[in-house]
Structures are given as C-alpha cells and as structure tokens.
Amino acid sequence: MVPVRCFTCGTVVASAHERFRDAVAAGTPTKEALDAPGLERFCCRRMLVSYCDLVTDAAPYE
Ligand SMILES: [Zn+2]
C-alpha cells in the first residue's frame with residue numbers, strides 16, 4: 001500500500017502514485033515522471049521512488 005502522505009512534510013503523495021507508475025512503465029524517465037504530478041521536494045519524491053509493493057509477499061494466503 002502506498003503511503004498516503006510524505007513521512008517528512010505531510011504532502012499527499014498517494015494521488016500521484018498511479019500516474020508515476022504508469023509513466024515509468026511507459027518508459028518515461030523517472031525525473032520527468034516525478035515532475036509531472038508536481039512533486040518538487042526530494043522527501044516527497046523518495047516516497048514514490050523507493051516504494052515497493054510487498055503486500056502480496058506479506059499476505060500469501062487469500
Ligand atoms: Zn515531502
């Protein structure tokens with residue numbers, strides 16, 4: 001699950017996650033994919049860059 005807000009400054013970052021993920025999957029450079037939703041602070045940018053979806057590993061049983 002994507003963190004809703006930046007841990008450091010509190011800016012909402014979850015709303016930018018899908019846009020960022022789709023842009024990176026389409027081959028857009030990471031810098032441009034982070035600039036597009038307006039994430040300027042490096043604390044907010046690291047929230048999306050360092051995110052790794054582990055929910056399927058944490059919950060193996062359905
Ligand atoms: Zn931040």
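Whatever order the structure lists ligands and atoms in, that order sets their numbers, starting from 1. Remember, predicted model here, so these are calculated numbers, not experimental data. These numbers come from the heavy atoms of this one structure, side chains and all, not from hydrogens, waters or symmetry mates.
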Transitive ILVMFWY side-chain link Val49 to Phe42, under 4.5 Å:
no
Closer than 2.8 Å to the Zn ion (ligand 1), how many protein N/O/S atoms do you count?
4
Only pairs at least two apart or in different chains count here, so list each side chain to side chain donor-acceptor pair (under 3.5 Å) that has a residue in residues 11-33.
Lys31-Asp35
Distance-only donor-acceptor hits, side chain of residues 1-8, under 3.5 Å, sequence neighbours excluded:
residue	atom	partner	partner atom	Å
Arg5	NH1	Gly10	O	2.6
Thr8	OG1	Arg46	NH2	2.8

Please name all residues satisfying side-chain contact (heavy atoms from CB on, under 4.5 Å) with Asp53, sequence neighbours left out, ordered by chain then number.
Tyr51, Val55
